[in-house]
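Treat the numbers as computed from the prediction; the structure is a model and nothing was measured. Here is how names work: the chains are called A, B, and so on, in the same order as the sequence lines, proteins then strands, and each is numbered from 1.
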2 protein chains.
Amino acid sequence: MTEVVLKQPHTPRITVKDLARQLGMSVSTVSRAFYEDAVIAPKTRARILARAAELGYQPNPLARGLITKSSRIVGIVVSDITNPFYPEVLTRLTGKLQALDLNVMLVVTDPKRSEDETLRVLLSYHPDVVIILATTLSSASSDACRKVGTPVVFFNRYDASQRSYAVTCDNELGGRTVADHLIDLGHRRLAYVAGLPNASTNVDRWKGFHARCLERGVQAPLSSVGQEFSYAAGYAAAHGFLSSDEPPTALFCANDILAIGAMDAARRDFGLSIPDRLSVVGFDDIAMASWPSHDLTTVGQPMELMVERTVDLTLSLSRNDASQPALQRIPGKLVERSTTRAIDGRQ
Amino acid sequence: MTEVVLKQPHTPRITVKDLARQLGMSVSTVSRAFYEDAVIAPKTRARILARAAELGYQPNPLARGLITKSSRIVGIVVSDITNPFYPEVLTRLTGKLQALDLNVMLVVTDPKRSEDETLRVLLSYHPDVVIILATTLSSASSDACRKVGTPVVFFNRYDASQRSYAVTCDNELGGRTVADHLIDLGHRRLAYVAGLPNASTNVDRWKGFHARCLERGVQAPLSSVGQEFSYAAGYAAAHGFLSSDEPPTALFCANDILAIGAMDAARRDFGLSIPDRLSVVGFDDIAMASWPSHDLTTVGQPMELMVERTVDLTLSLSRNDASQPALQRIPGKLVERSTTRAIDGRQ
DNA sequence: GTGAAAGCGCTAACAC
DNA sequence: GTGTTAGCGCTTTCAC
């Protein structure tokens, strides 16, 4: 006898009503059982919760949101994800948020679709908070959120208007740290392998690096023309620098992937041994950076802390008890590995 | 005069009622304007849509879902994402789904929290479909979905019960292809660097590889004890194989990351040049595999196709007009790069 | 401490 | 073609 598959949209799920009827109580009583601070007899609550667990009932947050005006949805906007740093942030963030019973609705900004369009769909779900993980996103988007009253948290990026919340690594300080490190090692001809030109991470790392060089009385570093945060871009930029008559002796790359690309170019196409002939520093400290074949000196982003702060902030905002918009900058720290060393006579 | 920040949960958003009142129509008429095949005068619809655009109004899908029983939410379950293949799949999937007006709710399975617990929250949002991207996830989870009538699509994994939909790379065929490739090159002592033991990707790749070796009359390949799909695991496994008296001349690794770890071990700790002394093949063809420093021969997963099929399937399922549960296996193809070569006298 | 009733924003019969 | 009504699953006054 063959089993007939019913084309049933969704098996009807159990609701408050069902529960109420089964227990011989009113729906409101049942509803109260799911609120910590509702007035309800402990025994009644216990009975309800027991039966609910048994039946696998859970209040529908969508219906609940309609009335409470809180969807418990957190929107996360992501753009390119070629940098492994971001997937990791995304999953950690998601994991921590869901432990707080906040659910993540993910949208990716597709270059083909307009950013506003993308945000519009997200906002139609009325998320309590929107987190922007995208390396670059026009402030128009954050305006869109503000317009409907949805708070925005920028992660490793900030809005020029300073009217949103932001949690970032102290990228400028990171740039300065690298400048100090390389200058301390005796390097004088420095160059910066740039990432996405309008990403604040890129801009700030450069700013700090450049400023610190000048402060230390070192010739201003060169900079490549920013492309993207990719292996290929790093490869190409290194090519540019190393083809010159007086190539730099050290490269600071806007992130680890760029650095790996740059190192490959240096080694393969210029036969330069690293760190003997060229020092290279990255940014992020992704897992790959510590692989023996790279063993890259880099600025470690305080990811765990950044994620925690973002989650805290998101929670406060979802409860509507956050402080004024503010930018939190968390310092990273230099992880010295084997791609940097003191300049010596052989150069 | 300082601006007073009102602690207002959410600025009241515009609703059908507002729109209806402003236009002097009934709410149902307004509602109809947003449905392609609703009966409504074209001019009326135009007026409504114009005003809506102006005001930034969009029907609230949550409220809509309450009545239509369709949330237009697609749940995606993700586990570890150390393999860059998955973030890419995730973003592509999300991008394509959102273009179809399906929104992605993301959950990550946290080892600390029970899988069921995680799924439970996801299901409480009543997603139309759940996609499981996690490399491994107990069939208990898919049962949980089935119990509430939510269709499940497995991506690159399948449920033993065969009662769900699945789109996977033909992993077994991939394994066979690699066996043929290596055997054709003259290799006879082969080994498999295993990934997560209970991941179907791992199992099937091994199965095909092993079976094909036997079919070709080659000594059964060795296999490492599966750990995880990580650089470190690849490094360790290679160590194991290469320390033996008669080490294998070729390694097939369950994925690219393992392969890269294995190659680093071979080169650094055993001074073996690849492919002269050891051939290595990976699986996935992630971006990194093509970087000059790796230039890894690997089985390319037909990601684009897999994503497309998954999206098609998801769309059908969300419309409730899909065929019977079935497993789609899409063949990948071998990408020959420079980590494999014919065995020669020097060995 | 509990129940009855109203209503969140929306769609789906059913009249007209 | 449009308006009226009911009701999705839930929370929240307000009585009791």
(request) Please state how far atom CG in B/Leu19 lies from atom P in C/dT11, giving the value in whole angstrom units. (result) 12 Å
(request) Would you name the heavy atoms of A/Leu19 and A/Ala52 that are closest together and state the gap between them? (result) CD2-CB, 4.1 Å
(message) Tell me if the side-chain of A/Arg45 makes a donor-acceptor pair with the base of C/dG1, cut-off 3.5 Å, by modelled atom types.
(response) no
(request) Describe the nucleic acid contact of B/Phe34 in one word from base, sugar-phosphate, nothing, applying a heavy-atom distance below 4.0 Å. (result) nothing
(message) Taking 4.0 Å as the cut-off, does a side-chain nitrogen or oxygen of A/Lys17 come that near to OP1 or OP2 on D/dG7?
(response) no
(request) Name the closest nucleotide to the B/Met25 side chain, picking from D/dT2, D/dG3, D/dT11. (result) D/dG3
(request) Please state whether the phosphate of D/dG3, meaning OP1 or OP2, lies under 4.0 angstrom from any side-chain nitrogen or oxygen of B/Thr29. (result) yes
(request) Report the distance from atom CG of B/Asp18 to atom C1' of C/dG9, rounded to the nearest whole Å. (result) 10 Å
(request) Could you tell me the separation between the NZ atom of B/Lys43 and the C1' atom of D/dT2, rounded to a whole number of Å? (result) 17 Å
(request) Taking only the side-chain nitrogens and oxygens of B/Tyr57, find out if one of them lies under 4.0 Å from OP1 or OP2 of C/dC10. (result) yes
(request) State whether A/Lys69 places a side-chain N or O below 4.0 Å from either non-bridging phosphate oxygen (OP1 or OP2) of C/dG9. (result) yes
(message) Within the 4.0 Å heavy-atom criterion, would you say B/Thr68 contacts the bases, only the backbone, or no part of the nucleic acid?
(response) sugar-phosphate
(message) To check you understand the geometry: which heavy-atom pair defines the closest contact between A/Tyr35 and A/Arg45, and what is its length?
(response) O-NH2, 2.6 Å
(request) Starting from the 5' end of DNA chain D, give me the residue, B/Ala63 or B/Arg32, whose nearest nucleotide shows up first. (result) B/Arg32
(message) So, OP1 or OP2 of D/dT11: does either fall under 4.0 Å of a side-chain N or O from A/Ser31?
(response) yes
(message) I need the minimum non-hydrogen distance between B/Ser71 and B/Asp128, along with the two atoms involved.
(response) N-OD1, 3.0 Å
(request) Whole angstrom is fine here: how far is it from CD1 in A/Ile67 over to C1' in D/dC8? (result) 13 Å
(message) Whether A/Arg146 and A/Asp143 form a salt bridge (side-chain N of Lys/Arg under 4.0 Å from carboxylate O of Asp/Glu) is what I want to check.
(response) yes
(request) From the options C/dA4, C/dG9, C/dT2, select the nucleotide whose nearest atom is closest to the side chain of B/Leu66. (result) C/dG9
(message) Can you classify the ring geometry of B/Phe155 versus B/Tyr86 as parallel (below 30°), tilted (30 to 60°) or perpendicular (above 60°)?
(response) perpendicular
(message) Does this structure show an ion pair linking B/Arg309 with B/Asp312, if we count only N-O contacts that are shorter than 4.0 Å?
(response) no
(message) Please pick, from D/dT11, C/dT2, C/dT11, the nucleotide with the shortest atom-to-atom distance to any side-chain atom of B/Tyr35.
(response) C/dT11
(message) Nearest whole Å is fine: how far is D/dG9 P from B/His126 NE2?
(response) 9 Å
(message) Just the rounded figure in Å: distance from P of C/dC8 to CZ of A/Arg72.
(response) 23 Å
(request) State which of D/dT11, D/dT2, C/dG3 makes the closest approach to the side chain of B/Val39. (result) D/dT2
(message) Does a side-chain N or O of B/Ser28 approach OP1 or OP2 of D/dT4 to a distance below 4.0 Å, or not?
(response) no
(request) Nearest whole angstrom, please: distance from the C1' of D/dT11 to the CG of A/Asp37. (result) 13 Å
(request) Under 4.0 Å between any heavy atoms, over every strand shown, what does A/Thr15 touch: base, sugar-phosphate, or nothing? Just pick one. (result) sugar-phosphate
(request) Nearest whole angstrom, please: distance from the C1' of D/dG9 to the CG of A/Leu62. (result) 10 Å
